[in-house]
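Structure first, commentary second.
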2 protein chains.
Amino acid sequence: MQISYFHVPAEMPQDLRPDAAVVIDVLRATTTIARALHNGAEAVQAFASLEDLRAAAAEWPADARLLLGERGGQMLEGFDLGNSPVAVTPEQVAGKRLFMSTTNGTRALDRVREVPLLLTAALPNREAVAQRVLAKQPSHVAIVGSGWEGAYSLEDSLAAGALGHRLLELDPTGSSAANDELTAAVSLWRQWQSDPEACLRTATHGQRLIRLGDHDADFRCCAGLDQLGVVPTQVEPGVLRAA
Amino acid sequence: MQISYFHVPAEMPQDLRPDAAVVIDVLRATTTIARALHNGAEAVQAFASLEDLRAAAAEWPADARLLLGERGGQMLEGFDLGNSPVAVTPEQVAGKRLFMSTTNGTRALDRVREVPLLLTAALPNREAVAQRVLAKQPSHVAIVGSGWEGAYSLEDSLAAGALGHRLLELDPTGSSAANDELTAAVSLWRQWQSDPEACLRTATHGQRLIRLGDHDADFRCCAGLDQLGVVPTQVEPGVLRAA
(Lines give C-alpha, C1' and ligand atoms only; values in the text may rest on other atoms or scores of the structure.)
Protein backbone atom coordinates (compact mmCIF):
# COMPACT_ATOMS: atom_id res chain seq x y z
CA MET A 1 0.00 0.00 0.00
CA GLN A 2 1.29 3.42 -1.02
CA ILE A 3 0.57 6.19 1.50
CA SER A 4 0.50 9.82 0.38
CA TYR A 5 -0.20 12.94 2.37
CA PHE A 6 -1.37 16.22 0.86
CA HIS A 7 -1.22 19.30 3.09
CA VAL A 8 -4.35 20.76 1.52
CA PRO A 9 -6.86 19.39 -0.99
CA ALA A 10 -5.55 21.64 -3.79
CA GLU A 11 -2.14 19.95 -3.62
CA MET A 12 -3.59 16.57 -4.54
CA PRO A 13 -2.86 16.09 -8.26
CA GLN A 14 -6.00 16.18 -10.40
CA ASP A 15 -5.06 12.93 -12.14
CA LEU A 16 -4.39 10.99 -8.93
CA ARG A 17 -6.97 8.24 -8.42
CA PRO A 18 -6.38 6.75 -4.96
CA ASP A 19 -8.73 3.93 -3.98
CA ALA A 20 -8.94 5.29 -0.44
CA ALA A 21 -8.80 8.76 1.08
CA VAL A 22 -8.68 9.89 4.71
CA VAL A 23 -9.62 13.51 5.38
CA ILE A 24 -8.18 15.22 8.45
CA ASP A 25 -9.16 18.48 10.14
CA VAL A 26 -7.86 18.14 13.68
CA LEU A 27 -8.99 21.61 14.86
CA ARG A 28 -11.77 20.73 14.80
CA ALA A 29 -14.10 19.32 12.11
CA THR A 30 -12.99 15.69 11.93
CA THR A 31 -12.58 15.47 15.71
CA THR A 32 -16.16 16.69 16.05
CA ILE A 33 -17.40 14.26 13.37
CA ALA A 34 -15.78 11.33 15.22
CA ARG A 35 -17.31 12.32 18.55
CA ALA A 36 -20.74 13.06 17.10
CA LEU A 37 -20.97 9.65 15.43
CA HIS A 38 -19.54 7.98 18.54
CA ASN A 39 -22.28 9.71 20.54
CA GLY A 40 -25.07 8.37 18.35
CA ALA A 41 -25.66 10.91 15.59
CA GLU A 42 -27.53 9.23 12.71
CA ALA A 43 -25.09 10.74 10.20
CA VAL A 44 -23.04 13.84 9.47
CA GLN A 45 -23.74 15.49 6.15
CA ALA A 46 -20.96 17.84 5.09
CA PHE A 47 -21.33 20.90 2.88
CA ALA A 48 -18.78 23.26 1.40
CA SER A 49 -21.53 25.81 0.74
CA LEU A 50 -23.76 27.26 3.48
CA GLU A 51 -26.55 27.82 0.98
CA ASP A 52 -26.61 24.14 0.00
CA LEU A 53 -26.51 23.18 3.68
CA ARG A 54 -29.54 25.31 4.57
CA ALA A 55 -31.51 23.98 1.59
CA ALA A 56 -30.80 20.33 2.47
CA ALA A 57 -31.49 20.84 6.19
CA ALA A 58 -34.86 22.46 5.41
CA GLU A 59 -36.00 19.15 3.86
CA TRP A 60 -35.28 17.28 7.09
CA PRO A 61 -37.65 17.00 10.14
CA ALA A 62 -36.79 19.83 12.53
CA ASP A 63 -36.59 17.54 15.58
CA ALA A 64 -34.15 15.19 13.84
CA ARG A 65 -31.58 17.69 12.62
CA LEU A 66 -28.87 19.97 13.92
CA LEU A 67 -26.99 22.65 12.01
CA LEU A 68 -23.28 22.80 12.84
CA GLY A 69 -20.81 25.24 11.48
CA GLU A 70 -18.24 27.92 11.87
CA ARG A 71 -16.23 30.34 9.85
CA GLY A 72 -12.93 31.51 11.30
CA GLY A 73 -13.58 29.53 14.50
CA GLN A 74 -16.85 31.40 15.25
CA MET A 75 -20.41 29.98 15.23
CA LEU A 76 -22.81 30.89 12.44
CA GLU A 77 -26.07 32.84 12.70
CA GLY A 78 -29.09 30.52 12.96
CA PHE A 79 -26.98 27.42 13.61
CA ASP A 80 -27.50 25.08 16.57
CA LEU A 81 -23.86 24.40 17.33
CA GLY A 82 -20.40 25.57 16.32
CA ASN A 83 -17.52 23.27 15.55
CA SER A 84 -16.64 22.10 19.05
CA PRO A 85 -16.19 18.37 19.71
CA VAL A 86 -17.16 19.04 23.33
CA ALA A 87 -20.66 20.19 22.34
CA VAL A 88 -21.75 17.07 20.43
CA THR A 89 -22.90 15.18 23.53
CA PRO A 90 -25.26 12.17 23.34
CA GLU A 91 -28.07 14.40 24.67
CA GLN A 92 -27.57 16.81 21.79
CA VAL A 93 -26.91 14.51 18.85
CA ALA A 94 -28.31 10.99 19.42
CA GLY A 95 -30.49 9.92 16.49
CA LYS A 96 -30.06 13.22 14.67
CA ARG A 97 -28.57 14.16 11.34
CA LEU A 98 -25.88 16.82 11.63
CA PHE A 99 -25.69 19.27 8.72
CA MET A 100 -22.17 20.62 8.91
CA SER A 101 -19.99 23.20 7.22
CA THR A 102 -16.64 24.47 8.47
CA THR A 103 -13.95 26.81 7.22
CA ASN A 104 -11.69 24.16 5.79
CA GLY A 105 -12.64 20.61 6.74
CA THR A 106 -15.82 20.16 4.75
CA ARG A 107 -14.16 21.69 1.69
CA ALA A 108 -11.51 18.98 1.85
CA LEU A 109 -14.23 16.32 2.02
CA ASP A 110 -15.84 17.85 -1.04
CA ARG A 111 -12.60 17.54 -3.01
CA VAL A 112 -12.32 13.74 -2.55
CA ARG A 113 -16.00 12.75 -2.51
CA GLU A 114 -15.51 10.54 -5.58
CA VAL A 115 -12.88 8.31 -3.93
CA PRO A 116 -14.36 4.79 -3.41
CA LEU A 117 -13.39 4.47 0.26
CA LEU A 118 -13.60 7.82 2.03
CA LEU A 119 -12.99 8.09 5.77
CA THR A 120 -12.31 10.93 8.18
CA ALA A 121 -9.73 10.77 10.92
CA ALA A 122 -8.56 12.72 13.93
CA LEU A 123 -6.28 11.82 16.82
CA PRO A 124 -9.06 10.20 18.95
CA ASN A 125 -9.91 7.64 16.23
CA ARG A 126 -6.45 7.27 14.70
CA GLU A 127 -6.07 3.57 15.61
CA ALA A 128 -9.57 2.64 14.46
CA VAL A 129 -9.03 4.32 11.09
CA ALA A 130 -5.62 2.66 10.65
CA GLN A 131 -7.14 -0.76 11.30
CA ARG A 132 -9.98 -0.10 8.86
CA VAL A 133 -7.65 1.08 6.10
CA LEU A 134 -5.48 -2.00 6.48
CA ALA A 135 -8.52 -4.30 6.50
CA LYS A 136 -9.70 -2.80 3.19
CA GLN A 137 -6.26 -3.22 1.57
CA PRO A 138 -6.30 -0.29 -0.86
CA SER A 139 -3.29 -0.03 -3.16
CA HIS A 140 -3.04 3.72 -2.56
CA VAL A 141 -4.42 5.72 0.34
CA ALA A 142 -4.29 9.51 0.18
CA ILE A 143 -4.37 11.34 3.50
CA VAL A 144 -5.72 14.83 2.85
CA GLY A 145 -5.26 17.68 5.30
CA SER A 146 -7.66 20.59 5.44
CA GLY A 147 -5.09 23.26 6.24
CA TRP A 148 -6.07 26.82 6.94
CA GLU A 149 -7.44 28.86 4.07
CA GLY A 150 -5.35 26.92 1.60
CA ALA A 151 -2.13 26.86 3.63
CA TYR A 152 -0.24 24.12 5.49
CA SER A 153 -1.36 23.34 9.02
CA LEU A 154 0.78 21.83 11.76
CA GLU A 155 -2.06 20.00 13.51
CA ASP A 156 -3.33 18.22 10.40
CA SER A 157 0.23 17.20 9.58
CA LEU A 158 0.65 15.86 13.11
CA ALA A 159 -2.41 13.62 12.76
CA ALA A 160 -1.46 12.60 9.21
CA GLY A 161 1.91 11.57 10.63
CA ALA A 162 0.26 9.72 13.52
CA LEU A 163 -1.87 7.75 11.05
CA GLY A 164 0.97 7.19 8.57
CA HIS A 165 3.31 6.10 11.34
CA ARG A 166 0.77 3.57 12.59
CA LEU A 167 0.06 2.18 9.10
CA LEU A 168 3.78 1.72 8.46
CA GLU A 169 4.17 0.10 11.88
CA LEU A 170 1.27 -2.32 11.36
CA ASP A 171 2.28 -3.22 7.81
CA PRO A 172 6.04 -2.62 7.53
CA THR A 173 6.61 -4.80 4.49
CA GLY A 174 3.51 -3.96 2.47
CA SER A 175 3.28 -0.21 3.07
CA SER A 176 5.49 2.68 2.07
CA ALA A 177 5.54 6.47 2.02
CA ALA A 178 4.66 7.68 -1.46
CA ASN A 179 5.67 11.32 -1.05
CA ASP A 180 7.91 13.64 0.97
CA GLU A 181 4.91 15.15 2.73
CA LEU A 182 4.13 11.80 4.37
CA THR A 183 7.75 11.22 5.40
CA ALA A 184 7.90 14.68 7.00
CA ALA A 185 4.54 14.20 8.75
CA VAL A 186 5.77 10.94 10.30
CA SER A 187 8.88 12.76 11.57
CA LEU A 188 6.63 15.47 13.01
CA TRP A 189 4.58 12.87 14.84
CA ARG A 190 7.70 11.18 16.22
CA GLN A 191 8.88 14.52 17.60
CA TRP A 192 5.61 15.40 19.34
CA GLN A 193 3.95 12.06 20.09
CA SER A 194 4.64 12.29 23.82
CA ASP A 195 2.65 15.55 24.00
CA PRO A 196 0.33 16.07 21.03
CA GLU A 197 -1.67 18.72 22.90
CA ALA A 198 1.45 20.91 23.07
CA CYS A 199 1.75 20.63 19.30
CA LEU A 200 -1.89 21.65 18.80
CA ARG A 201 -1.38 24.64 21.08
CA THR A 202 1.80 25.64 19.22
CA ALA A 203 0.06 25.57 15.84
CA THR A 204 -1.08 28.88 14.34
CA HIS A 205 -4.71 27.77 14.48
CA GLY A 206 -4.27 26.59 18.08
CA GLN A 207 -2.94 30.05 18.92
CA ARG A 208 -6.00 31.55 17.23
CA LEU A 209 -8.34 29.41 19.40
CA ILE A 210 -6.37 30.33 22.52
CA ARG A 211 -6.90 34.01 21.69
CA LEU A 212 -10.65 33.40 21.27
CA GLY A 213 -10.54 31.94 24.81
CA ASP A 214 -12.22 29.06 26.65
CA HIS A 215 -10.95 26.19 24.48
CA ASP A 216 -9.07 24.05 27.04
CA ALA A 217 -11.62 21.23 26.85
CA ASP A 218 -11.45 21.34 23.05
CA PHE A 219 -7.67 20.96 23.06
CA ARG A 220 -7.85 18.02 25.47
CA CYS A 221 -10.51 16.39 23.33
CA CYS A 222 -8.72 16.97 20.01
CA ALA A 223 -5.39 15.70 21.39
CA GLY A 224 -6.74 12.54 23.04
CA LEU A 225 -5.13 9.72 21.05
CA ASP A 226 -6.87 6.43 20.22
CA GLN A 227 -9.88 6.88 22.49
CA LEU A 228 -12.73 6.24 20.03
CA GLY A 229 -13.45 3.15 17.95
CA VAL A 230 -15.62 4.99 15.43
CA VAL A 231 -14.67 5.15 11.73
CA PRO A 232 -16.63 7.90 9.93
CA THR A 233 -17.22 6.56 6.44
CA GLN A 234 -18.85 8.17 3.44
CA VAL A 235 -21.96 6.14 2.56
CA GLU A 236 -23.27 8.49 -0.12
CA PRO A 237 -21.70 11.71 -1.45
CA GLY A 238 -21.15 14.04 1.51
CA VAL A 239 -22.85 11.75 4.07
CA LEU A 240 -20.70 10.14 6.77
CA ARG A 241 -21.83 7.33 9.07
CA ALA A 242 -20.19 5.25 11.75
CA ALA A 243 -19.71 2.26 9.48
CA MET B 1 12.96 38.51 14.50
CA GLN B 2 10.08 36.62 12.92
CA ILE B 3 11.14 33.52 10.97
CA SER B 4 8.88 32.11 8.24
CA TYR B 5 9.41 29.15 5.96
CA PHE B 6 7.66 28.69 2.63
CA HIS B 7 7.88 25.25 1.03
CA VAL B 8 7.96 26.72 -2.47
CA PRO B 9 8.16 30.30 -3.75
CA ALA B 10 4.50 30.31 -4.85
CA GLU B 11 3.37 29.79 -1.23
CA MET B 12 4.93 33.06 -0.13
CA PRO B 13 2.08 35.60 0.08
CA GLN B 14 2.32 38.30 -2.59
CA ASP B 15 1.88 41.05 -0.01
CA LEU B 16 4.59 39.77 2.36
CA ARG B 17 7.55 42.15 2.49
CA PRO B 18 10.29 40.45 4.52
CA ASP B 19 13.48 42.46 4.93
CA ALA B 20 15.56 39.31 4.48
CA ALA B 21 15.13 36.11 2.48
CA VAL B 22 17.16 32.91 2.42
CA VAL B 23 16.68 30.65 -0.59
CA ILE B 24 17.34 26.92 -0.20
CA ASP B 25 17.76 24.21 -2.82
CA VAL B 26 19.68 21.47 -1.05
CA LEU B 27 19.73 19.03 -4.00
CA ARG B 28 21.63 20.75 -5.40
CA ALA B 29 21.63 24.39 -6.56
CA THR B 30 22.36 26.25 -3.33
CA THR B 31 24.91 23.64 -2.22
CA THR B 32 26.68 24.14 -5.54
CA ILE B 33 26.49 27.95 -5.23
CA ALA B 34 28.08 27.79 -1.77
CA ARG B 35 30.91 25.56 -2.94
CA ALA B 36 31.54 27.51 -6.14
CA LEU B 37 31.89 30.81 -4.27
CA HIS B 38 33.97 29.12 -1.57
CA ASN B 39 36.24 27.83 -4.35
CA GLY B 40 36.82 31.28 -5.80
CA ALA B 41 34.16 31.87 -8.45
CA GLU B 42 33.86 35.62 -9.13
CA ALA B 43 30.06 35.41 -8.87
CA VAL B 44 27.10 33.18 -9.63
CA GLN B 45 24.45 34.74 -11.84
CA ALA B 46 21.16 32.89 -11.66
CA PHE B 47 18.53 32.70 -14.39
CA ALA B 48 15.06 31.23 -14.43
CA SER B 49 15.08 31.25 -18.25
CA LEU B 50 17.70 29.43 -20.33
CA GLU B 51 17.29 31.94 -23.14
CA ASP B 52 18.14 34.87 -20.84
CA LEU B 53 21.09 32.89 -19.49
CA ARG B 54 22.58 32.26 -22.94
CA ALA B 55 22.12 35.91 -23.96
CA ALA B 56 23.86 37.22 -20.81
CA ALA B 57 26.68 34.67 -21.00
CA ALA B 58 27.38 35.60 -24.64
CA GLU B 59 28.28 39.13 -23.46
CA TRP B 60 30.95 37.77 -21.12
CA PRO B 61 34.58 36.85 -22.07
CA ALA B 62 34.63 33.15 -22.97
CA ASP B 63 37.62 32.37 -20.74
CA ALA B 64 35.98 33.97 -17.70
CA ARG B 65 32.61 32.25 -17.79
CA LEU B 66 31.05 28.86 -17.19
CA LEU B 67 27.51 27.75 -18.01
CA LEU B 68 25.93 25.56 -15.34
CA GLY B 69 22.55 24.00 -15.48
CA GLU B 70 20.26 21.05 -15.40
CA ARG B 71 16.68 20.15 -15.97
CA GLY B 72 15.34 17.09 -14.15
CA GLY B 73 18.80 16.36 -12.72
CA GLN B 74 20.41 16.07 -16.18
CA MET B 75 23.02 18.40 -17.74
CA LEU B 76 22.03 20.74 -20.56
CA GLU B 77 23.28 20.74 -24.16
CA GLY B 78 26.12 23.20 -24.69
CA PHE B 79 26.67 23.77 -20.97
CA ASP B 80 30.04 23.38 -19.23
CA LEU B 81 28.79 21.77 -16.04
CA GLY B 82 25.63 20.32 -14.56
CA ASN B 83 24.38 21.05 -11.07
CA SER B 84 26.85 19.02 -9.04
CA PRO B 85 28.60 20.65 -6.07
CA VAL B 86 31.46 18.17 -6.58
CA ALA B 87 32.27 19.60 -10.02
CA VAL B 88 32.82 23.23 -9.00
CA THR B 89 36.46 22.74 -7.99
CA PRO B 90 38.91 25.67 -7.65
CA GLU B 91 40.54 24.56 -10.94
CA GLN B 92 37.20 24.86 -12.73
CA VAL B 93 35.69 27.98 -11.21
CA ALA B 94 38.35 30.30 -9.72
CA GLY B 95 37.94 33.84 -11.05
CA LYS B 96 35.05 32.91 -13.31
CA ARG B 97 31.45 34.01 -13.46
CA LEU B 98 29.03 31.09 -13.32
CA PHE B 99 25.84 31.51 -15.36
CA MET B 100 23.40 29.11 -13.74
CA SER B 101 19.90 27.79 -14.23
CA THR B 102 18.36 24.79 -12.52
CA THR B 103 14.97 23.12 -12.41
CA ASN B 104 13.75 24.77 -9.24
CA GLY B 105 16.44 26.67 -7.33
CA THR B 106 17.03 29.60 -9.64
CA ARG B 107 13.29 30.08 -10.03
CA ALA B 108 13.01 30.52 -6.27
CA LEU B 109 15.77 33.14 -6.37
CA ASP B 110 13.89 34.96 -9.08
CA ARG B 111 10.76 35.16 -6.92
CA VAL B 112 12.50 37.02 -4.05
CA ARG B 113 15.03 39.11 -5.99
CA GLU B 114 13.47 42.35 -4.67
CA VAL B 115 14.08 41.48 -0.99
CA PRO B 116 16.73 43.88 0.45
CA LEU B 117 18.93 41.15 2.00
CA LEU B 118 18.92 38.01 -0.13
CA LEU B 119 21.12 35.04 0.78
CA THR B 120 21.27 31.41 -0.25
CA ALA B 121 21.82 28.56 2.17
CA ALA B 122 22.49 24.86 2.20
CA LEU B 123 23.61 22.50 4.94
CA PRO B 124 27.37 23.17 4.44
CA ASN B 125 26.99 26.92 5.10
CA ARG B 126 24.08 26.77 7.55
CA GLU B 127 26.03 28.22 10.50
CA ALA B 128 27.61 31.01 8.44
CA VAL B 129 24.20 32.07 7.09
CA ALA B 130 22.62 31.96 10.57
CA GLN B 131 25.37 34.21 11.94
CA ARG B 132 24.99 36.64 9.04
CA VAL B 133 21.21 36.86 9.41
CA LEU B 134 21.51 37.57 13.13
CA ALA B 135 24.20 40.20 12.54
CA LYS B 136 21.91 42.03 10.09
CA GLN B 137 18.96 41.98 12.54
CA PRO B 138 16.07 41.88 10.09
CA SER B 139 12.60 42.05 11.64
CA HIS B 140 11.33 39.26 9.37
CA VAL B 141 13.36 36.65 7.54
CA ALA B 142 11.60 34.41 5.02
CA ILE B 143 13.26 31.08 4.30
CA VAL B 144 12.12 29.96 0.84
CA GLY B 145 12.43 26.38 -0.35
CA SER B 146 12.68 25.51 -4.01
CA GLY B 147 10.70 22.30 -3.87
CA TRP B 148 10.28 20.06 -6.86
CA GLU B 149 8.17 21.36 -9.73
CA GLY B 150 6.03 23.36 -7.35
CA ALA B 151 5.67 20.68 -4.67
CA TYR B 152 7.04 20.28 -1.14
CA SER B 153 10.51 18.82 -0.78
CA LEU B 154 11.86 16.98 2.24
CA GLU B 155 15.48 18.06 1.79
CA ASP B 156 14.73 21.78 1.55
CA SER B 157 12.54 21.50 4.63
CA LEU B 158 15.36 19.73 6.47
CA ALA B 159 17.78 22.58 5.75
CA ALA B 160 15.13 25.21 6.49
CA GLY B 161 14.65 23.48 9.84
CA ALA B 162 18.41 23.33 10.44
CA LEU B 163 18.68 27.07 9.84
CA GLY B 164 15.52 27.93 11.80
CA HIS B 165 16.61 25.74 14.70
CA ARG B 166 20.00 27.46 14.83
CA LEU B 167 18.49 30.97 14.65
CA LEU B 168 16.10 30.15 17.51
CA GLU B 169 18.98 28.64 19.49
CA LEU B 170 21.27 31.65 18.99
CA ASP B 171 18.53 34.21 19.71
CA PRO B 172 15.94 32.48 21.91
CA THR B 173 14.36 35.63 23.28
CA GLY B 174 14.35 37.79 20.15
CA SER B 175 13.35 35.20 17.52
CA SER B 176 10.19 33.21 16.95
CA ALA B 177 8.57 30.94 14.39
CA ALA B 178 6.09 32.95 12.33
CA ASN B 179 4.31 30.05 10.65
CA ASP B 180 3.51 26.35 11.01
CA GLU B 181 5.85 25.47 8.15
CA LEU B 182 8.84 26.70 10.16
CA THR B 183 7.75 24.85 13.31
CA ALA B 184 7.38 21.61 11.34
CA ALA B 185 10.73 22.09 9.59
CA VAL B 186 12.46 22.51 12.96
CA SER B 187 10.85 19.25 14.14
CA LEU B 188 12.04 17.57 10.95
CA TRP B 189 15.59 18.73 11.59
CA ARG B 190 15.48 17.54 15.20
CA GLN B 191 14.40 14.09 14.00
CA TRP B 192 17.15 13.71 11.39
CA GLN B 193 20.01 15.90 12.62
CA SER B 194 22.16 12.94 13.60
CA ASP B 195 22.08 11.67 9.99
CA PRO B 196 21.08 14.34 7.47
CA GLU B 197 22.45 12.28 4.57
CA ALA B 198 19.90 9.55 5.33
CA CYS B 199 17.16 12.17 5.07
CA LEU B 200 18.45 13.39 1.70
CA ARG B 201 18.56 9.81 0.42
CA THR B 202 15.01 9.16 1.68
CA ALA B 203 13.62 12.23 -0.10
CA THR B 204 11.85 11.72 -3.43
CA HIS B 205 14.47 13.79 -5.23
CA GLY B 206 17.26 11.87 -3.48
CA GLN B 207 15.68 8.66 -4.75
CA ARG B 208 15.61 10.17 -8.23
CA LEU B 209 19.35 10.94 -8.07
CA ILE B 210 20.07 7.44 -6.74
CA ARG B 211 18.27 6.00 -9.77
CA LEU B 212 20.36 8.20 -12.10
CA GLY B 213 23.40 6.63 -10.42
CA ASP B 214 26.86 7.82 -9.31
CA HIS B 215 25.78 10.50 -6.83
CA ASP B 216 27.41 9.27 -3.59
CA ALA B 217 29.90 12.17 -3.52
CA ASP B 218 27.05 14.62 -4.14
CA PHE B 219 25.06 13.28 -1.19
CA ARG B 220 28.08 13.51 1.11
CA CYS B 221 28.76 17.03 -0.04
CA CYS B 222 25.14 18.21 0.25
CA ALA B 223 24.74 16.66 3.73
CA GLY B 224 27.99 18.00 5.21
CA LEU B 225 26.82 20.40 7.93
CA ASP B 226 28.58 23.68 8.79
CA GLN B 227 31.72 23.10 6.74
CA LEU B 228 31.87 26.34 4.72
CA GLY B 229 32.08 29.92 5.95
CA VAL B 230 30.77 31.41 2.72
CA VAL B 231 27.53 33.45 2.62
CA PRO B 232 26.24 33.82 -0.95
CA THR B 233 24.64 37.27 -1.07
CA GLN B 234 22.77 39.00 -3.86
CA VAL B 235 24.76 42.10 -4.84
CA GLU B 236 22.63 43.05 -7.84
CA PRO B 237 19.46 41.36 -9.14
CA GLY B 238 20.30 37.71 -9.83
CA VAL B 239 24.02 38.05 -9.03
CA LEU B 240 25.39 36.31 -5.93
CA ARG B 241 28.82 36.90 -4.42
CA ALA B 242 30.65 35.65 -1.36
CA ALA B 243 29.99 38.81 0.62
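Here is the naming used below: chain letters follow the sequence lines, and residue numbers restart at 1 for every chain. As the structure is a computational prediction, the values presented were derived from the model and not from experiment.
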Fill in the blank from the handout: Between the CZ atom in A:Arg190 and the CH2 atom in B:Trp192, the distance rounded to the nearest 0.5 Å is 8.5 Å
Handout entry: Side chain to side chain, A:Asp180 and B:Glu155, heavy atoms closer than 4.5 Å
Key = yes
Handout entry: Toward chain B, the part of A:Ser157 with a non-hydrogen atom under 4.5 Å
Key = neither
Completion exercise
Among B:Ala151, B:Ala178, B:Ala184, the residue with the most heavy-atom pairs under 4.5 Å to chain A is B:Ala184
Practice task
Could you label the plane-to-plane angle of the B:His7 and A:His7 rings as parallel, tilted or perpendicular, counting under 30° as parallel and over 60° as perpendicular?
Solution key: tilted
Problem - Spatial distance of atom CG (B:Leu154) from atom CG (A:Leu182) [nearest 0.5 Å] - result: 11.0 Å
Practice task
Answer yes or no: does atom CD of A:Gln137 have more than 12 heavy-atom neighbours from other residues, nucleotides or ligands under 6.0 Å?
Solution key: no
Problem - Counterpart residues, side chain to side chain donor-acceptor pair (under 3.5 Å), relative to A:Asp226 (two or more places apart) - result: A:Arg126
Completion exercise
OH (B:Tyr5) and OH (A:Tyr152) are apart, to the nearest 0.5 Å, by 9.5 Å
Problem - Sequence-distant partners of A:Glu181, side chain to side chain donor-acceptor pair (under 3.5 Å), two or more places apart - result: A:Asn179
Practice task
Carefully, step by step, assess B:Leu188 and A:Leu188 under the rule side-chain contact (heavy atoms from CB on, under 4.5 Å).
Solution key: CA-CA 6 Å; B:Leu188 186 69; A:Leu188 185 69; over 6 Å; no
